[in-house]
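What follows is one structure encoded as structure tokens, with my remarks underneath.
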Amino acid sequence: MSTPPALSLRALRKAYGRVVAVDGLDLEVRSGECFGLLGPNGAGKTTTIEICEGLTAADSGDVLVLGRGWRDDATWLRQRLGIQLQETQFAEKLTVRETVRLFRSFYARGRTVDDMLALVSLGEKRDARVGGLSGGQKQRLALACALVGDPDLVFLDEPTTGLDPQSRRQLWELVEGLRADGRTIVLTTHYMEEAERLCDRVAIVDRGRVIALGTPRELVASLEAEQMVTATVRGIAPDEDARERWLATVCALPGVLGARATATEDGEVATELRAATVAAVLPPLLAAIEGRGLALAALATHAPTLEDVFVARTGRALRDG
Ligand SMILES: Nc1ncnc2c1ncn2[C@@H]1O[C@H](COP(=O)(O)OP(=O)(O)O)[C@@H](O)[C@H]1O
Ligand SMILES: [Mg+2]
């Protein structure tokens with residue numbers, strides 16, 4: 001028997017009143033992969049995975065988790081899923097060990113509490129009350145609770161949001177360990193570097209739909225850009241028409257695959273463009289700036305990232321929300 005997909009979503013839809021949180025979303029997650037839902041705040045990531053977790057009912061669409069449906073197989077599914085919610089409200093007065101033991105009691109089979117505490121480096125905190133833990137420690141506790149039933153499929157909703165860089169790296173290493181074990185992981189994030197580092201495949205989600213799907217490398221390659229170039233230009237009139245005219249000029253330059261122009265706080269225009277090659281783009285760009293009596297205030301380049309994929313497909317930045 002072949003292993004069914006870990007997740008299979010078809011034409012999924014969920015609205016809260018007039019707000020359409022999930023708008024015809026299709027997705028398939030393979031067994032054994034670390035899959036990322038990457039998108040800005042409000043994109044519908046949490047709603048999507050809460051539907052998969054059996055916590056929210058979809059308005060319409062098909063949901064299969066480990067080949068089964070929530071309607072007929074809820075008890076079976078609950079034993080096989082590990083869930084870390086975007087915000088977990090633990091009982092503050094319980095100790096770390098009591099909390100993991102409580103979660104262990106929900107599962108017929110699973111790992112020992114001490115094993116889990118060792119895994120997430122909370123052994124020394126076993127008798128501490130949950131209320132006194134740091135943000136990073138709480139997230140590691142949430143991960144221990146998600147894993148204590150030895151799940152076939154683990155959902156992690158924004159596992160590192162709000163953490164300091166060191167705690168974030170610690171969480172990343174834990175997820176990398178789970179991935180190396182071949183466990184199926186579905187995580188959501190609005191940090192593109194997190195998706196790039198942790199995920200075998202990524203679905204970029206915007207406004208309740210999947211707008212791009214592939215390995216991080218494939219998605220970045222789809223831009224066909226060697227470099228992203230940001231030229232900050234001074235002297236463009238501070239109105240949208242002038243910016244649009246400048247943008248049209250830039251888009252017509254040889255070697256430019258796409259561009260976006262945004263006003264900076266200093267009255268300059270940040271011109272971000274996808275360059276087939278920097279060598280092809282820079283001479284005509286500089287000539288266009290000089291030919292219009294403008295000035296180059298700053299120039300920067302970077303290798304394309306998933307953030308650039310999002311910008312190229314939506315015209316907005318991920319962090320704009
Ligand atoms: N319980 C709810 N009631 C009303 N609106 C909601 C609720 N949950 C989410 N939404 C709305 O649905 C949209 C998607 O939210 P969410 O799934 O939380 O996105 P994400 O996790 O990507 O930030 C947002 O516009 C959000 O405000
Ligand atoms: Mg969310």
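Given the structure is predicted, the values throughout are model-derived calculations rather than measurements. Every number for a ligand or one of its atoms is a count from 1 in the order of the listing.
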Given that the side chain starts at C-beta and the backbone is N, CA, C, O, which of these parts of Thr46 lies under 4.0 Å from ligand 1, counting heavy atoms, or is it both or neither? both
Salt bridge between Asp200 and Arg179, side-chain N to carboxylate O under 4.0 Å? yes
Nearest non-hydrogen protein atom to atom 15 (O) of ligand 1, with distance, is Thr47 OG1, 4.0 Å
Residues Arg209 and Asp23 bridged, charged N to O under 4.0 Å: yes
For atom 4 (C) of ligand 1, is some protein heavy-atom partner under 4.0 Å away? yes
What about Val154 and Val100, same hydrophobic cluster or not, with Ile/Leu/Val/Met/Phe/Trp/Tyr joined at side-chain heavy-atom distances under 4.5 Å? yes
Per-atom filter on ligand 1: closer than 4.0 angstrom to a heavy atom of Pro40 are 22 (O)
Starting from atom 1 (N) of ligand 1, find the nearest protein heavy-atom neighbour and note its residue, name and distance. Tyr16 CE2, 3.6 Å
Counting from 1, what ligand 1 atoms have a heavy atom of Val19 closer than 4.0 Å? 11 (C), 12 (O), 25 (O)
Cation over ring, Arg68 on Trp70, under 6.0 Å and within 45°? no
Contact atoms of ligand 1, heavy-atom distance to Asn41 under 4.0 Å: 23 (O)
Heavy-atom contacts with Ala43 under 4.0 Å: which atoms of ligand 1 show up? List them by number with element. 19 (O), 20 (P), 22 (O)
Is the closest heavy atom of Gly17 to ligand 1 under 4.0 Å? no
Checking a contact table here: which protein heavy atom is nearest atom 12 (O) of ligand 1, and how many Å away? Ala21 CB, 3.3 Å
Tell me the protein heavy atom at minimum distance from atom 14 (C) of ligand 1, and give that distance in Å. Gly42 O, 3.5 Å
With a cut-off of 2.8 Å, does any N, O or S atom of Thr46 fall short of it relative to the Mg ion (ligand 2)? yes
Against ligand 1, does Gly44 come closer than 4.0 Å with any heavy atom? yes
Whether Thr47 has an N, O or S atom under 2.8 Å from the Mg ion (ligand 2): no
Check the side chains of Arg168 and Tyr191 for a donor-acceptor pair under 3.5 angstrom, ignoring hydrogens and angles. yes
Under 4.0 Å between a side-chain nitrogen and a carboxylate oxygen: does that hold for Arg201 and Glu218? no
Under 3.5 Å, is there a donor-acceptor pair between the Gln227 and Thr301 side chains? yes
Does atom 18 (O) of ligand 1 have a protein non-hydrogen atom under 4.0 Å from it? yes
Would you please say whether a donor-acceptor pair under 3.5 Å links the side chains of Thr95 and Asp127? no
Charged N-O contact under 4.0 Å between Asp150 and Arg183: yes
Is there a continuous path of hydrophobic side-chain contacts, each under 4.5 Å between heavy atoms, that joins Val233 to Val250? yes
